[in-house]
Each structure stands twice: as C-alpha cells, then as structure tokens.
Amino acid sequence: QVQLVESGGGSVQSGGSLRLSCAVSGYVASPEYMGWFRQAPGKEREGVAVIGRSGETRYADSVKGRFAISQDNGRNTLYLQLNSLKPDDTAMYYCATQRSPGTYYKIGGLGTWFGYWGQGTQVTVFS
C-alpha cells in the first residue's frame with residue numbers, strides 16, 4: 001500500500017525558509033514523477049514542483065527561483081526547499097505521486113496524472 005507522509009511545515013516570517021519532507025513507502029518500483037502541490041483557503045489546489053525519476057525538475061512560475069524540489073537516491077524521500085517565502089505562499093502543502101487514474105496537473109509545461117496523496121503540512125508566512 002502506497003503511503004506518503006509530509007513533515008516540515010510551520011510558521012515563518014516573510015523572507016524566511018522552510019524545508020518540507022515527504023516519506024514515500026509501499027512502492028515496488030518508484031513512479032516516474034513525484035510532486036509538490038499546495039492549496040490556500042478558498043483556492044484550488046495547484047502544482048508547485050515536479051521531479052522525474054531521472055532528476056528532471058519543473059516549477060510553477062510563481063515559485064521558480066525560490067523553491068527547489070529534490071529526492072534521495074532511493075526515491076524514498078521527497079523534499080521541497082522553500083526560500084524567500086512570501087505571505088502568498090501560505091497554504092497546505094501536499095506531496096503526490098504519479099498514478100492513472102488520478103487528477104491531471106500541468107507544472108512548468110509537464111503534464112501528468114497524480115493519484116497518491118499525503119495528508120498535507122501547513123506552511124504559514126507572516127509579514
């Protein structure tokens with residue numbers, strides 16, 4: 001059974017940094033793509049960053065140059081480094097892995113289906 005568990009969220013002042021982690025388990029063969037998403041109150045969930053098995057990365061324009069997605073060698077842990085945080089970055093952050101059927105997202109020009117989700121970790125940025 002695939003499980004994703006996020007951690008690392010918190011409250012931080014504008015301009016600060018956080019590092020989110022996502023523990024991934026239950027795969028025999030890891031998925032092609034894994035990603036980070038976020039959902040602010042009253043808004044739809046949006047894709048933030050995606051990473052491929054080969055290490056290829058794509059980012060939403062709103063976070064490009066500030067956030068960095070990475071994975072460990074075994075692809076058991078997914079990371080998202082959040083730098084230069086802004087109040088607009090306040091949201092629940094979720095990690096997800098590729099699965100079809102699922103929900104289709106396009107992140108930085110790369111579109112695919114995501115079907116396994118974690119429970120989320122809250123990031124709050126205050127000014």
Side-chain angles (χ1 to χ4, degrees):
Q1 182 179 357
V2 174
Q3 287 190 321
L4 288 73
V5 180
E6 302 96 335
S7 61
S11 294
V12 62
Q13 195 168 17
S14 181
S17 298
L18 284 172
R19 191 190 197 202
L20 307 183
S21 299
C22 173
V24 181
S25 62
Y27 277 105
V28 174
S30 64
E32 179 63 36
Y33 293 105
M34 300 194 292
W36 285 96
F37 299 77
R38 67 185 181 185
Q39 187 168 20
K43 295 187 177 181
E44 292 188 356
R45 187 175 299 186
E46 62 172 348
V48 173
V50 61
I51 187 166
R53 190 179 289 138
S54 64
E56 170 195 11
T57 59
R58 299 286 184 93
Y59 297 91
D61 287 344
S62 58
V63 307
K64 200 175 295 182
R66 300 188 299 122
F67 291 8
I69 188 171
S70 61
Q71 59 197 0
D72 67 356
N73 286 339
R75 303 194 89 209
N76 296 314
T77 307
L78 183 68
Y79 302 99
L80 186 68
Q81 179 68 40
L82 293 71
N83 298 324
S84 302
L85 282 162
K86 307 173 183 179
D88 283 350
D89 295 317
T90 295
M92 186 70 79
Y93 283 71
Y94 301 87
C95 61
T97 56
Q98 185 185 31
R99 183 194 185 195
S100 181
T103 304
Y104 183 82
Y105 285 90
K106 197 168 187 179
I107 305 171
L110 191 154
T112 192
W113 301 86
F114 291 87
Y116 290 110
W117 296 85
Q119 83 290 349
T121 186
Q122 177 68 37
V123 171
T124 302
V125 185
F126 56 92
S127 55

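Numbers here simply count residues along the sequence, with the first being 1. Just so it is clear, the values below take in all heavy atoms, side chains as well, and ignore hydrogens, waters and symmetry mates.
Annotation: the span from Ser25 atom OG to Gln1 atom CD amounts to 8.5 Å, rounded to 0.5 Å. Atom CZ of residue Arg38 and atom CE of residue Met92 lie 14.0 Å apart, to the nearest 0.5 angstrom. Atom-to-atom distance recorded for Ser127:OG and Asp88:CG is 10.5 Å, nearest 0.5 angstrom. Distance check, rounded to the nearest 0.5 Å: CG of Asp89 to OG of Ser84 gives 9.5 Å. Note that the CD atom of Glu56 and the CZ atom of Arg58 stand 4.5 Å from one another [nearest 0.5 Å]. Here the OG-CZ distance, from Ser30 to Arg53, works out to 4.5 Å after rounding to the nearest 0.5 Å.
Leu82 has its side chain out of reach of Arg66: every pair of non-hydrogen atoms, C-beta onward, lies at least 4.5 Å apart. Counting only heavy atoms from C-beta outward, the side chains of Phe37 and Ile107 approach each other to under 4.5 Å. Residues Tyr27 and Val2 form a side-chain contact, since some pair of their non-hydrogen atoms from C-beta on lies under 4.5 Å apart. A 4.5 Å side-chain heavy-atom check between Ile69 and Tyr59 finds at least one atom pair inside the cut-off.
Salt bridge annotation for Lys64-Asp61: present, with a cationic side-chain nitrogen under 4.0 angstrom from a carboxylate oxygen.
Note on Phe114 and Val48: separate hydrophobic clusters, where clusters join Ile, Leu, Val, Met, Phe, Trp and Tyr whose side-chain heavy atoms are under 4.5 Å apart, directly or indirectly. Cluster membership check: Leu18 shares its hydrophobic cluster with Ile51, using side-chain heavy-atom separations under 4.5 Å among Ile, Leu, Val, Met, Phe, Trp and Tyr. Side-chain heavy atoms closer than 4.5 Å link hydrophobic residues (I, L, V, M, F, W, Y) into clusters, and following such links, even through other members, never connects Tyr33 to Leu78. Residues Val63 and Tyr94 fall into different hydrophobic clusters, defined by Ile, Leu, Val, Met, Phe, Trp and Tyr side chains chained together at heavy-atom separations under 4.5 Å.
Considering all non-hydrogen atoms of both residues, Ser21 and Thr77 come closest at CB-CG2, 4.4 Å. Minimum heavy-atom separation, Pro31 to Thr97: CG-CB, 3.8 Å. Residues Ser17 and Asn83 come closest through the heavy atom pair OG-OD1, 3.0 Å.
Here Phe67 and Trp36 keep their ring centres 6.0 angstrom or further from each other.
Glu6 contributes a side-chain N or O that, together with a main-chain N or O of Cys95, makes up a donor-acceptor pair within less than 3.5 Å. Thr90 places a side-chain N or O within 3.5 Å of a backbone atom of Val125 that can act as its donor or acceptor partner.
Under the side-chain contact (heavy atoms from CB on, under 4.5 Å) rule, Val24 has a single partner from Gln71, Met34, Arg75, which is Met34.
Judged by a 6.0 Å distance limit and a 45° cone about the ring axis, Arg99 is positioned over the six-membered ring of Tyr116.
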